[in-house]
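Beneath this line is the structure, given in structure tokens, with notes to follow.
Remember, it's 1-based here, ligands and their atoms both numbered in the order they're listed. What you see is a predicted model, and the numbers here were worked out from it, not measured in a lab. Position 1 is the first residue of the sequence, and the numbers go up from there.
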Amino acid sequence: MARILVTGAAGFLGSHLCERLLSRNDAVVALDNLDPFYDTQRKRENLAILRSAGGSRFSFVEADIRDGRACREALRGVDAVVHLAALAGVRPSIADPVRYMDVNVTGTQVLLQQIDSDSVPFVFGSSSSVYGASAESPFAEDGVTDHPLSPYAASKRAGEMLCLAWRHLRGNPVACLRFFTVYGPRQRPEMAIHRFAHCIAHGTPLPFFGDGSSRRDYTYVDDIVDGIVRAMNRVRGFSVYNLGGSSTTSLQQLVEVLEERLGRRAVLRRLPDQPGDVPLTCADTSRAMRELGWRCKTSLREGIDTFCSWFEQREAAEVSA
Ligand SMILES: NC(=O)c1ccc[n+]([C@@H]2O[C@H](COP(=O)([O-])OP(=O)(O)OC[C@H]3O[C@@H](n4cnc5c(N)ncnc54)[C@H](O)[C@@H]3O)[C@@H](O)[C@H]2O)c1
């Protein structure tokens, strides 16, 4: 049984990762400050799932990653660290860039600094946004990453750089994982798939940015969790891996897939392209396949179907509450 510290554990990705770790009998120390970026009740519900799945193998530390003392306590006796705590999302980072830098950059440094064993592997949750408007598609890990289009993207790239410096100075094995638009049950409510499903189900206007041709590489959450676990187990030196579905879906197609699954037409509210958004994301995942034996297994239709089943159940529970 390994003991793993997961930061951001109450959130979307973190809670799925913790569930997987607990299911394979690991002990999980979950650190999260329950940031109110979205309804904290959702995070408390995620924690309740983890408590019931893990029993005494699950412990929760309500703390901020910028609190060095709390991080040091949480790190005691751990065999690996997965750092997912962050302020996520491109658009809100434009409104509050200083806070994004403080949490995502300073917070990452504070956490790294508290790791006192040089053998503890560190997995950093990075993002496809580091590629900016890269012309080279599919995006490979060695491609251009010095043209971020938002403070969020810059903060994730800075986090990777801090990890690299830490690896150089302290020798810990480090994997930076660039996640490509993750979706699935418990997805953050402001993310496109969740927000669009809500608009379609309630017949409210769906914010449709640009002409619908922007394309995203959507990745199902279980596949991402699989990649995180593989990186945690196998990382030796310093490595960067793309974790993405390797196929792209246009905004127009995404809306159509959701309409079909939910059995209702969307009411589109057409809006101009958003500053900070990139026109395309598309992962080259050959490195993750080669070195981690990872591949994305879930098609968009399968993943959307599972997401919608979860969404419908939650909606029904809210109505009857
Ligand atoms: N979801 C995606 O599509 C996606 C894509 C690329 C990268 N990522 C990265 O993956 C990670 C998880 O994303 P998510 O979608 O699960 O987001 P999320 O907001 O659901 O989870 C992040 C968690 O971090 C916590 N947190 C925020 N600030 C904190 C602080 N100062 N101290 C302690 N905890 C703090 C929040 O309370 C939240 O529970 C983030 O680092 C994000 O940047 C996500």
For ligand 1, which atoms have a heavy atom of [X] less than 4.0 angstrom away?
| X | result |
| --- | --- |
| Asn33 | 26 (N), 27 (C), 28 (N), 29 (C), 30 (C), 31 (N), 32 (N), 33 (C), 34 (N), 35 (C), 37 (O) |
| Leu34 | 37 (O) |
| Thr181 | 3 (O) |
| Leu84 | 11 (C), 12 (C), 40 (C), 41 (O) |
| Ala10 | 39 (O) |
| Gly125 | 41 (O) |

My understanding is that we take every heavy atom of each candidate and find the minimum distance to [atom]. Doing that for [options], which one comes out nearest?
| atom | options | answer |
| --- | --- | --- |
| atom 44 (C) of ligand 1 | Ile224, Leu17, Leu13 | Leu13 |
| atom 23 (C) of ligand 1 | Ala192, Cys71, Gly8 | Gly8 |
| atom 27 (C) of ligand 1 | Ala86, Gly184, Ala85 | Ala86 |
| atom 21 (O) of ligand 1 | Pro36, Gly11, Gly14, Gly244 | Gly11 |

Tell me whether [X] reaches ligand 1 (any heavy atom closer than 4.0 angstrom to a ligand atom).
| X | answer |
| --- | --- |
| Tyr183 | no |
| Asp64 | yes |
| Met191 | yes |
| Gly107 | no |

Note to self: Between Tyr220 and Tyr183, is the ring centroid distance below 6.0 Å?
What the structure shows: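 Centroid distance Tyr220-Tyr183: below 6.0 Å, so yes.
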
Check: Under 6.0 Å between the ring centres of His194 and Phe307?
Finding: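 When the ring centroids of His194 and Phe307 are compared, they turn out to be within the sub-6.0 Å range.
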
Between [X] and ligand 1, find which residue part has any heavy-atom pair under 4.0 Å and reply side chain, backbone, both or neither.
| X | answer |
| --- | --- |
| Val103 | side chain |
| Gln187 | neither |
| Lys156 | side chain |
| Ser126 | backbone |
| Tyr152 | side chain |
| Ala63 | backbone |

Margin query: Strictly by side chain to side chain donor-acceptor pair (under 3.5 Å), give each pair with a member in residues 4-13 just once, sequence neighbours left out.
Written below: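 Output for this query lists Thr7-His83.
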
Next item on the list: Measure from the side-chain N and O atoms of Asp217 to the backbone N and O of Ala283, and report whether any donor-acceptor pair falls under 3.5 Å.
Entry: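 Side chain of Asp217 to backbone of Ala283, a donor-acceptor pair under 3.5 Å: yes, one is there.
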
Check: Side-chain donor-acceptor pair under 3.5 Å between Arg157 and Thr145, yes or no?
Finding: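 Thr145 and Arg157 do have a side-chain donor-acceptor pair below 3.5 Å.
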
Note to self: Does either side chain, that of Arg167 or that of Ser239, offer a donor lying less than 3.5 Å from an acceptor on the other one?
What the structure shows: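 No, no side-chain donor-acceptor contact under 3.5 Å.
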
Pairwise distance [atom1]([X]) to [atom2]([Y]) - rounded to 0.5 angstrom:
| X | Y | atom1 | atom2 | answer |
| --- | --- | --- | --- | --- |
| His198 | Glu315 | NE2 | CD | 5.0 Å |
| Leu262 | Cys308 | CG | SG | 4.0 Å |
| Arg57 | Leu21 | CZ | CG | 10.0 Å |

Notebook entry, point to check: What's the shortest heavy-atom distance between Thr219 and Leu243, and which atoms?
Noted result: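 Closest approach of Thr219 to Leu243, heavy atoms only: OG1-O, 3.9 Å.
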
Is it the case that ligand 1 has an N or O less than 3.5 angstrom from some N or O of [X]?
| X | value |
| --- | --- |
| Ser128 | no |
| Tyr38 | yes |
| Ile65 | yes |
| Phe12 | yes |

Protein heavy atom at shortest distance from [atom]:
| atom | result |
| --- | --- |
| atom 17 (O) of ligand 1 | Arg188 CD, 3.3 Å |
| atom 37 (O) of ligand 1 | Asp32 OD1, 2.6 Å |
| atom 3 (O) of ligand 1 | Val182 N, 2.8 Å |

Note to self: Distance to the ring centre below 6.0 angstrom and angle to the axis at most 45 degrees; does that hold for Arg91 and Phe209?
What the structure shows: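 Yes.
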
Next item on the list: Compute both the distance and the angle, then confirm whether Lys43 meets the cation-pi test with Tyr38: under 6.0 Å from the six-membered ring centre, within 45 degrees of the axis.
Entry: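 Yes, Lys43 lies over the aromatic ring of Tyr38.
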
Margin query: Could you check whether atom CZ of Arg301 has more than 12 heavy atoms from other residues, nucleotides or ligands sitting under 6.0 Å from it?
Written below: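 For Arg301, atom CZ is not crowded (no more than 12 foreign heavy atoms under 6.0 Å).
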
Notebook entry, point to check: Is the shortest heavy-atom distance from the side chain of Arg314 to the side chain of Pro185 under 4.5 Å?
Noted result: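 Not in contact.
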
Checklist line | Worked check of salt bridge (Lys or Arg N to Asp or Glu O under 4.0 Å) between Glu160 and Lys156 | finding: CA-CA 6 Å; Glu160 292 182 351; Lys156 285 289 162 182; over 6 Å; no

Notebook entry, point to check: Cluster partners of Val235, using ILVMFWY side-chain heavy atoms under 4.5 angstrom, listed by chain and number?
Noted result: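 So far as hydrophobic clustering goes, Val235 is joined with none.
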
